[in-house]
2 protein chains.
Amino acid sequence: MASETVSELKRLKMSDIARLCGVSTSTVSRALAGSPLIQEATREMIIQIADANGYVINPLARGLRLQRTNTIGVVFPLGAITAQLISDPFFQQMLGHMVDEISLRGYQILVSKVTPPKPGWLRELIKAHRTDGMVVIGQSDQHAALNDAGQVYLPLVVWGAHLPDQQYCVVGLDNVAGGRMATEHLIAIGRRRIAFLGDPSPPEIEQRRRGYLAACKAAGLDVTDRLIVPAGFSPQQAEAAAERLLAESPDVDAVFAASDVIALSALHVLRRAGKRVPEDVAVIGFDDSAVAAHSNPPLTTVRQDLAQAARLMVDQLFQRLDGQPTDGVTLAPELVIRQSTVRS
Amino acid sequence: MASETVSELKRLKMSDIARLCGVSTSTVSRALAGSPLIQEATREMIIQIADANGYVINPLARGLRLQRTNTIGVVFPLGAITAQLISDPFFQQMLGHMVDEISLRGYQILVSKVTPPKPGWLRELIKAHRTDGMVVIGQSDQHAALNDAGQVYLPLVVWGAHLPDQQYCVVGLDNVAGGRMATEHLIAIGRRRIAFLGDPSPPEIEQRRRGYLAACKAAGLDVTDRLIVPAGFSPQQAEAAAERLLAESPDVDAVFAASDVIALSALHVLRRAGKRVPEDVAVIGFDDSAVAAHSNPPLTTVRQDLAQAARLMVDQLFQRLDGQPTDGVTLAPELVIRQSTVRS
DNA sequence: TCGCCCCCTGCAAACGATTGTCATTCCGTT
DNA sequence: AACGGAATGACAATCGTTTGCAGGGGGCGA
């Protein structure tokens, strides 16, 4: 079309098209929406003229009128305590999958990073009405805010841990089972002094630690506090934590890290301290992120299938958009054994 | 506040607040916007009542009126040819950094995945007016569309390769230099039969290949076509390509992969074929993504600093939002030597 | 030729904010 | 006491769609 010239970016509204077609605005609106009220011939003529002129409906005006935006919000609450960045591979992957799943359904994605959240943050986000529904990635320390909103706002799905007094829809791994599974594996290969590396303020991590404690107790291992070291999610924080662990408990023979990134940092610190992995110290991670399979040695880890998780979350969200409540899903963790753990 | 009760999610508009305050809507609007026309006392009263009632301005209505949305679009055009997914670590990281940088400036992020693009896609995206500006990640095969839009739409910044007839602002690595640098390193450690693995349809990759060819030519190596194998960006495609390479050129002694993911796949295939890396075959990647440092052996690679890249892009975009054209930036690649390449 | 129905199409009122223009009030001054 | 002027707040138009309602015109039967 000759119409696609350089000057063609001027704002063109529906009434302009109407004038061009010699009909009223409402007819154009109906024609573009495919309403049966409009004669087929008229419709074709209008559509033809509309896109010859490169007309695009203004979604803001449309959204204002319809109270519907065709947009899903993906929200990352980064708690005050945890310094988890969106640059953590877990979040990156989750975001990537969310984009894939949501755009597959023809919706747009509005990403919000809330850090650190103020009391009313979630309600404010909801009341802004910029999105038709919302996915929250990770509970961080915002369980109360989620409960508060979840009771009154249906189209909300949260990735995270299942908590007892929960009023919102959660899709998440059985983190207790994951923690137990990892620890039992370490015990099974003969390790006795097993450390836990991770910051337990997000409930997911807290539950992994609970699983760890349960497995230790079941095996009759006594877990001194020195073996449980809070570790942030960044490589720097994780390395510091691993060094503290080594200093306080030089005889440790296994490390269960709350994430693969932490595990890799531990690997690094251990090697630097002259420990062999897995001979002297076995290491197990969590997530099965891309790094785990290719590390040296390849990292045993607890896998969470984020592609599937994202699909489930978006499925449930769309059910909720249709007005049907959903119950959330608990996913089963899967132990992926690689070379960072072997029998001692 | 007693106001934060369960039933409080009902739509509350500015006129409601006005009624509650006993003033007109315009006064509320001005008060909330901090206009000097409103008396301080009135303003405080209004603000107090507004957030006691949990009032939140409707951004759609506001955007419609102001023709400004406080939102930046982040667009991923996935070309017809390349099957690059948003789940590639490069895209994921870039998206993560974009979210960080943009939300730092108080803007929202609208993510669009365009795949495979229809002719008018970029203009349509622009004309929708949902965003105040746009960042396009990767040119894919959409140079023409970008040129078309870039001439008339100022607030647009593209990540990618610098091309001769370019009408839009590009921030990107000097990919030719990167390719040359990688290849020269392989030559310097004594390799002679150097393969290139990568799909040259995105211009970035094409330029890396150009650098590779230039370096080979300068060193007097003859590059048979058999050594240049198109490889998709997914691990599966990359493995297939690596296998093809090995089948056709069993005597290859170095591989330059267009991305770290491809390099890791090559590593895998080589190992399976009984080749030692780096003794028999040296391998070099591109990106320095998280996997590179931790692989076995750790991967020599050409680093692009995505955090800096994201910052620069967003900086330039905001200058453009202020009406000032910008020239784009060419970033210098950096060779990161690890154990996957050593002197033969 | 008239009248009746049915398709179509157009009018106008929302959706929820912002802002130029103008009326009112209140003060001080002469 | 009357007037000028600053300060304050209300009115109404506007951003670009959608949609309930009503009206116009054409076809068909009588």
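What's counted below: heavy atoms across the whole structure, side chains too, no hydrogens, waters or symmetry copies. Given the structure is predicted, the values throughout are model-derived calculations rather than measurements. Below, chain A is the first sequence line, B the second, and so on; all start at residue 1.
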Novice: State whether Arg105(A) and Asp315(A) are salt-bridged, where the test is any N-O pair (Lys NZ or Arg NE/NH1/NH2 against Asp/Glu carboxylate O) under 4.0 Å.
Specialist: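 Looking at Asp315(A) together with Arg105(A), the answer is yes, because their closest N to O distance falls below 4.0 Å.
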Novice: Does OP1 or OP2 of dG16(C) have a side-chain N or O of Gln67(A) closer than 4.0 Å?
Specialist: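 The answer is yes; a side-chain N or O of Gln67(A) sits under 4.0 Å from OP1 or OP2.
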Novice: Can you check the Leu32(B) CG to dA17(C) P distance for me, whole Å?
Specialist: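 Nearest whole value for this atom pair: 9 Å.
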Novice: Could you tell me whether Lys13(A) and Asp16(A) make a salt bridge, using a distance below 4.0 angstrom between a side-chain N and a carboxylate O?
Specialist: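 Between Asp16(A) and Lys13(A) there is no salt bridge, as every charged N stays at least 4.0 Å from the carboxylate O atoms.
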Novice: Between Asn58(A) (CG) and dC15(D) (P), how many Å, whole number?
Specialist: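 Checked: the CG to P distance equals 12 Å.
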Novice: For the side chain of Arg130(A) and the base of dG16(C), is some donor closer than 3.5 Å to an acceptor across the two?
Specialist: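 Not at all, since no donor on one side and acceptor on the other fall under 3.5 Å apart.
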Novice: What is the distance, to the nearest angstrom, from the CE atom on Met14(A) to the P atom on dG16(D)?
Specialist: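 Nearest whole value for this atom pair: 12 Å.
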Novice: Does Lys13(A) have a side-chain nitrogen or oxygen under 4.0 Å from the phosphate oxygens OP1 or OP2 of dC15(D)?
Specialist: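 Yes, because at least one side-chain N or O of Lys13(A) sits under 4.0 Å from OP1 or OP2 of dC15(D).
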Novice: Within the structure shown, what part of the strands sits under 4.0 Å from Leu60(B) by heavy-atom distance: base, sugar-phosphate, or nothing?
Specialist: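 Since no nucleic acid heavy atom lies under 4.0 Å of Leu60(B), the category is nothing.
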Novice: Tell me whether the side-chain N or O atoms of Arg30(A) pair up with the base of dG20(D) as donor and acceptor below 3.5 Å, since no angle test is needed here.
Specialist: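 Looking at the base of dG20(D), it does pair with a donor or acceptor on the side chain of Arg30(A) (distance under 3.5 Å).
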Novice: Are OP1 or OP2 of dA17(C) and a side-chain N or O of Tyr55(B) less than 4.0 angstrom apart?
Specialist: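 It does, given that an N or O in the side chain of Tyr55(B) lies less than 4.0 Å from OP1 or OP2 of dA17(C).
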Novice: Would you indicate, yes or no, if dT8(D) has its OP1 or OP2 atom less than 4.0 angstrom from a side-chain nitrogen or oxygen of Thr27(B)?
Specialist: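 For Thr27(B), the contact criterion (side-chain N or O under 4.0 Å from OP1 or OP2 of dT8(D)) is not met.
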